[in-house]
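To keep things clear, I will list the structure first and then write my remarks on it.
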2 protein chains.
Amino acid sequence: MNQSAEIAEIVPRVFTISDLSSEFELTTRTLRFYETRGLLEPRRRGQTRLYSRRDRARLKLVLQGKRVGFSLTDIKEMLDLYDLKDGQATQLRVSLKRFKERIGDLERQKIDVEEAITDLNRTCQIVEGMLDPGS
Amino acid sequence: MNQSAEIAEIVPRVFTISDLSSEFELTTRTLRFYETRGLLEPRRRGQTRLYSRRDRARLKLVLQGKRVGFSLTDIKEMLDLYDLKDGQATQLRVSLKRFKERIGDLERQKIDVEEAITDLNRTCQIVEGMLDPGS
DNA sequence: CCTTACCCTCACGTTAACGTCAATTTAAGG
DNA sequence: CCTTAAATTGACGTTAACGTGAGGGTAAGG
């Protein structure tokens, strides 16, 4: 019932670049690119990158950030904030603010998309009217 | 009550590049760029571009297309279709198909956006929970 | 020893839709 | 005629997030 022993069997302590690339369906190029952007900093054994669990966790955060539409630059800033002093209320509030701003953006975007849809539907109806023999 | 006379006073027969750029709030660069992309082909008086009402109408279509998310390439294809034989049912059906496909895209996009919003809201709630003193 | 399979570091290429000069030419007005 | 104001044609720059080789090192298996 030793938790860490259990986890050790399921989740390795260290990952190669192709481990992560296949797990998350990213190219190795992408992982190296993220590194140049300061999102990951794996250790090295010689030249070869060795990713820790922490690296993997950060990668997950990166991908989650992307899913909700943050840029890599945004994501880096937020990761850096968390690193400064994890759990620090001030940092959390900053991120929270960013999140809410982003939600605002997304809601505006949603409205735009909805407008585009009604626009196009209107156009479609006109065109269909032109094509309808029983006009 | 001569319609064309009335219109002639309100809408000029010919437009300069800055007329159109200010009317539609585009830069002249943009109008020239659209020309290189085959979206507009104004006549020339010497070197100077002279846009007809038809050019202006096409420009309106371009902008409408952009508003609903078509790329300039898409828009050109569609404009070309219209030009082939305006009012031809076949062409209309083709465009109609494109429109419906685009509507599908947009609806998927809308779902994505909605998911991102709920994602972020969830995250916000977690963070707020961490900040909540009465936790 | 040789092949395979990964790993690495440059470093230029890609896509979209223009922006931003630079160097001229033309048009309009006094 | 002279001076601006506006137009013209290149042609390189920008942004994001990687893609795509080129050229080379390393380690395991047969």
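Note that this is a predicted model, so its numbers are computed, not measured. So that the names make sense, note that chain A is the first sequence line, chain B the second, and so on, each numbered from 1.
Taking 4.5 Å as the limit, every side-chain heavy atom of A/E41 sits out of range of all side-chain heavy atoms of A/Y34. In this structure the side chain of B/T30 never reaches within 4.5 angstrom of the side chain of B/F24, judged on heavy atoms. Looking only at side-chain heavy atoms (C-beta outward), A/R56 and A/Y51 stay at 4.5 Å or farther from each other. Looking at heavy atoms from C-beta onward, A/I103 lies in side-chain contact with B/C124 at the 4.5 angstrom threshold.
For the residue pair B/I75 and B/K66, the shortest heavy atom distance occurs at CD1-N, 3.7 Å. In plain terms, the two heavy atoms of A/L31 and A/S21 that are nearest each other are CD1-N, 3.6 Å. Across all non-hydrogen atoms, the minimal contact from A/L79 to A/V62 is CD1-CG2, 3.9 Å. The minimum heavy-atom distance between B/P42 and B/R49, with the atom names listed, is CG-CG, 3.8 Å.
When the salt bridge (charged side-chain N to carboxylate O under 4.0 Å, His left out) test is applied to A/R58, the partners found at least two apart in sequence or on another chain are A/D83.
No side-chain N or O of B/N121 forms a donor-acceptor pair with one of B/T118 less than 3.5 Å apart. Side chains of B/D19 and B/T16: a donor-acceptor N/O pair is absent below 3.5 angstrom, by distance only.
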Problem - Worked verdict on A/K60 versus A/E23 for salt bridge (charged side-chain N to carboxylate O under 4.0 Å, His left out) - result: CA-CA 11 Å; A/K60 278 189 184 181; A/E23 177 176 358; 5.5 Å; no

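Nucleic acid contact class of B/T73 (heavy atoms, under 4.0 Å, all strands): none.
A heavy atom closer than 4.0 Å to some atom of DNA chain C occurs in A/R44, A/Q47, A/T48, A/R49, these being the qualifying members of residues 34-52 of chain A. Within residues 54-66 of chain B, no residue is approached by DNA chain D to less than 4.0 Å at the level of any non-hydrogen atom. Near-neighbour residues of DNA chain C inside residues 17-32 of chain A, defined by a heavy atom below 4.0 Å, number-ordered: A/I17, A/S18, A/R29, A/R32.
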Let me check something: any side-chain donor-acceptor pairs from residues 108-116 of chain B under 3.5 Å, sequence neighbours excluded? List them with distances.
from	atom 1	to	atom 2	distance (Å)
B/R108	NH1	B/D105	OD1	3.0
B/K110	NZ	A/E114	OE2	3.4
B/E114	OE2	A/K110	NZ	3.3

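Each end of the helix from C/dC1-D/dG30 to C/dG30-D/dC1 yields a helix axis from five base pairs, and these two axes differ in direction by 20° (to the nearest 10 degrees).
Rounded to an integer number of Å, the gap from CZ of B/F33 to C1' of C/dT20 is 15 Å.
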